[in-house]
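If you read the sequence from its start, that first residue is 1, and numbering goes on from there. Note that the coordinates shown come from a computational prediction; the quantities given were computed from them, not determined experimentally.
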Amino acid sequence: MVQVRVQGLAVVAQEVAPVVLLREEAGLRRWLAITIGAPEAQELAAAQERTASPRPGTVELILDVVSALGQRVVQIEVTELRDSIFHADLVLDDGVRVSARPSDAIAVGLRANAPIEVAEAVLEEAAVDVTVANADEAADVLGAGLAADPLDGPPETSEDQIRQFRDLLDEVSPDDFRDPGPS
């Protein structure tokens, strides 16, 4: 397993759906882009910003249930890529593993301050090249709402950028993700 960090959320030009960008912490510093849905992107953005809601959302509920059972989430693992679908596990402190969608697992991991790791085989198969020469190009590569120099660490965001990204996600509908079929 290889430790990664959530670098941010993006709407990449050639993708219709948002992606969560993970980057290897050390070594080759490879990037992994996992396509997620708009609601999941909103949840991840809230988890990254540590936004509290008046009532627990699904991620907070999961953590509350785990805690009520005397456990805690100690690690998130993106374990495999099978049939073009990423698979992940929540790892509890007693070693119990709970299968989850990577977007949900990552949001739980961010809220729980748990390390996130990706299987080496997944990185070998699915790592992508992300090249950013300057902040202006970063906005093009990473999409509205995020800008980063990948050599300087996580992207910098402002309240306005986050609001713009959330507004973009609010405009996305399920029809935007349907295959238009042959033209």
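Val91 and Val59 fall into different hydrophobic clusters, where Ile, Leu, Val, Met, Phe, Trp and Tyr are joined by side-chain heavy atoms under 4.5 Å apart, directly or via other members. Side-chain heavy atoms closer than 4.5 Å link hydrophobic residues (I, L, V, M, F, W, Y) into clusters, and following such links, even through other members, never connects Val98 to Val74. Using a 4.5 Å cut-off between side-chain heavy atoms of Ile, Leu, Val, Met, Phe, Trp and Tyr, with links allowed through other members, Leu63 and Val96 fall into the same hydrophobic cluster.
Listed here is the closest heavy atom pair of Gly57 and Ser53: N-OG, 4.2 Å. Contact detail for Phe86 and Val78: the closest heavy-atom pair is CD2-CG1, 4.1 Å. For the pair Ala88 and Pro102, the tightest heavy-atom approach, listed with the atom from each and the gap, is CB-CA, 3.8 Å. In plain terms, the two heavy atoms of Ala107 and Ala47 that are nearest each other are O-CB, 3.8 Å. When all heavy atoms of Gln7 and Gln48 are compared, the closest pair comes out as C-NE2, 4.5 Å. Nearest heavy-atom pair, Leu21 versus Ala10, reported as atom, atom and distance to 0.1 Å: CD1-CB, 4.0 Å.
By the 4.5 Å side-chain criterion applied to Ile, Leu, Val, Met, Phe, Trp and Tyr, Leu28 is assigned to no cluster and stands alone. Clustering of Ile, Leu, Val, Met, Phe, Trp and Tyr side chains at separations under 4.5 Å leaves Met1 isolated, with no partner residue.
For Ile85, the side chain to side chain contact (heavy atoms under 4.5 Å, CB included) criterion is met by His87, not counting sequence neighbours. The side-chain hydrogen bond (donor to acceptor under 3.5 Å, both in side chains) check on Gln75 picks up Glu77, Glu117, with sequence neighbours excluded. The salt bridge (charged side-chain N to carboxylate O under 4.0 Å, His left out) test applied to Glu25 returns Arg5, not counting sequence neighbours. For the side chain to side chain contact (heavy atoms under 4.5 Å, CB included) test, residues two or more places apart in sequence or in another chain that qualify with Val4 are Leu22, Ile116, Val118. For Glu80, the side-chain hydrogen bond (donor to acceptor under 3.5 Å, both in side chains) test picks out Arg82, with sequence neighbours left out.
One finds the CG atom of Leu90 at 4.5 Å from the CD1 atom of Ile76 (value rounded to the nearest 0.5 Å). Within the model, atoms CZ of Arg101 and CD1 of Ile106 stand 11.5 Å from one another, a figure rounded to the nearest 0.5 Å. The structure places CG of Leu123 at 6.0 Å from CG of Leu32, a figure rounded to the nearest 0.5 Å. Gln42 contributes atom CD, which lies 10.0 Å from atom CD1 of Ile36 (distance to the nearest 0.5 angstrom).
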Considering only distance and modelled atom types, tabulate donor-acceptor pairs under 3.5 Å from the side chains of residues 66-73, sequence neighbours left out.
| unit_1 | atom_1 | unit_2 | atom_2 | d |
| --- | --- | --- | --- | --- |
| Gln71 | OE1 | Asp94 | N | 3.2 |
| Gln71 | NE2 | Asp94 | OD2 | 3.4 |

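Residues in residues 52-62 take part in these salt bridge (charged side-chain N to carboxylate O under 4.0 Å, His left out) pairs, two or more places apart or across chains: Glu60-Arg111.
Arg29 places a side-chain N or O within 3.5 Å of a backbone atom of Glu24 that can act as its donor or acceptor partner.
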